[in-house]
Amino acid sequence: MNLILFGPPAAGKGTQAKRLVERRNMVQLSTGDMLRAAIASGSELGQRVSGIMERGELVSDAIVIELIEQRLPEAEAAGGAIFDGFPRTLPQAEALDRMLAGRGRKIDLVLRLKVDDDALKARIAGRFAESGRPDDNPESFVVRLNAYNQQTAPLLPYYKAQGKLVELDGMGAIDNVAAAIDGALDS
């Protein structure tokens, strides 16, 4: 099964994806984690990505698609992937559909975690205070949230038209959100 977890930054996608990895042995393909790993590696790609992310800007489709494509064989071997933070634009969604179709695969389900923007801003301020992650500073978070609302949220009709979109309340306790995700996957 290939699953997309959809929602704005700090909606809890990463937390829920990790739970699915543990419970269902899927592979999490988190573009955020992959990009942070590239930065930590000190590679040329990491250096380019670092400045982009620190400004709160989105990394180009070409870079993100390349990172995803490199990890697809691992996901296939595990029986499926959880796409976390990808796709975020219509061209990325179309590229993902083509990549998967070329491998005889598809997106099976898109789960949207619906959350309140003001609650997210408070959540991110707390996360930044705890972790100090440069891409979590409140100023760049607002840029990322606006980018999500302008570029990524329009993907909802794309997946709804395919009959793959399930919307869930992402504002509840972690265990409640996990139970709702399990219910959607098992139905």
Side-chain angles (χ1 to χ4, degrees), residues 3-24 26-61 63-68 71 81-89 92 110-156 166-182 184:
L3 165 72
I4 296 174
L5 282 179
F6 226 22
K13 298 179 305 290
T15 298
Q16 295 302 330
K18 284 173 182 44
R19 293 175 75 108
L20 289 168
V21 167
E22 291 170 9
R23 290 187 189 159
R24 297 186 183 244
M26 298 171 82
V27 172
Q28 178 187 9
L29 298 181
S30 164
T31 54
D33 289 348
M34 287 187 264
L35 291 168
R36 283 187 286 278
I39 292 168
S41 75
S43 67
E44 183 269 331
L45 172 65
Q47 291 172 12
R48 281 190 294 145
V49 166
S50 178
I52 294 168
M53 288 179 68
E54 285 177 9
R55 290 187 302 273
E57 297 172 5
L58 297 177
V59 177
S60 75
D61 286 355
I63 290 172
V64 176
I65 290 166
E66 180 182 338
L67 288 170
I68 292 291
R71 298 279 310 276
I82 305 157
F83 294 93
D84 168 9
F86 180 87
R88 65 171 195 261
T89 64
Q92 285 183 1
V110 178
L111 298 178
R112 175 188 180 209
L113 300 180
K114 297 189 319 183
V115 292
D116 176 74
D117 284 359
D118 290 332
L120 289 179
K121 291 173 187 173
R123 184 182 293 177
I124 206 71
R127 194 164 83 178
F128 180 68
E130 288 176 21
S131 73
R133 256 178 36 188
D135 58 315
D136 271 350
N137 78 62
E139 293 79 24
S140 68
F141 174 75
V142 171
V143 173
R144 290 170 51 218
L145 182 59
N146 289 339
Y148 170 81
N149 287 329
Q150 293 170 3
Q151 297 175 16
T152 307
L155 285 177
L156 297 174
V166 175
E167 296 189 333
L168 304 170
D169 179 6
M171 295 302 297
I174 291 171
D175 289 339
N176 294 345
V177 175
I181 289 171
D182 286 340

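One is the number of the first residue; the rest follow in order along the sequence.
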**Asked** For atom CG of L156, is the number of surrounding heavy atoms from other residues, nucleotides or ligands below 6.0 Å larger than 12?
**Response** yes
Nearest 0.5 angstrom please: [X] [atom1] to [Y] [atom2], how far?
X    : Y    : atom1 : atom2 : value
S140 : L145 : OG    : CG    : 11.5 Å
N176 : D169 : CG    : CG    : 9.0 Å
I65  : T31  : CD1   : OG1   : 11.5 Å
E139 : I124 : CD    : CD1   : 11.5 Å

Taking the side chain as everything from C-beta on, heavy atoms only, tell me whether [X] gets closer than 4.5 Å to [Y].
X    : Y    : result
M171 : K114 : no
I181 : L168 : yes
V110 : F83  : no
L67  : L35  : yes
L155 : F6   : yes
I82  : L29  : no
P8   : V115 : yes
F86  : V64  : yes

Examine distances only and state if a side-chain atom of [X] and a backbone atom of [Y] form a donor-acceptor pair shorter than 3.5 Å.
X    : Y    : result
K13  : L113 : no
E22  : A17  : no
S131 : F128 : no
S50  : Q47  : no

Please report the shortest heavy-atom distance between [X] and [Y], naming the atom on each side.
X   : Y    : answer
P9  : Y148 : CD-CB, 4.0 Å
P87 : T152 : O-CG2, 4.1 Å
S41 : A38  : OG-O, 2.6 Å

**Asked** Quick one: salt bridge (Lys or Arg N to Asp or Glu O under 4.0 Å) pairs with a partner in residues 115-125, sequence neighbours left out?
**Response**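 Pairs touching residues 115-125 that pass the test: none.
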Can you list the residues that meet the side chain to side chain donor-acceptor pair (under 3.5 Å) rule with [X], with sequence neighbours excluded?
X    : result
E57  : R55
T15  : none
E167 : R112

**Qualifying residues under salt bridge (charged side-chain N to carboxylate O under 4.0 Å, His left out), relative to E44, sequence neighbours excluded** = R48
**Message:** Once salt bridge (charged side-chain N to carboxylate O under 4.0 Å, His left out) is applied, do any residues pair with D182, and if so which ones, sequence neighbours excluded?
**Reply:**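 With sequence neighbours excluded, D182 shows a salt bridge (charged side-chain N to carboxylate O under 4.0 Å, His left out) to R23, R24, given in chain and number order.
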**Item:** Intermediate values then yes/no, salt bridge (Lys or Arg N to Asp or Glu O under 4.0 Å), R19 and D175
**Value:** CA-CA 10 Å; R19 293 175 75 108; D175 289 339; 2.9 Å; yes
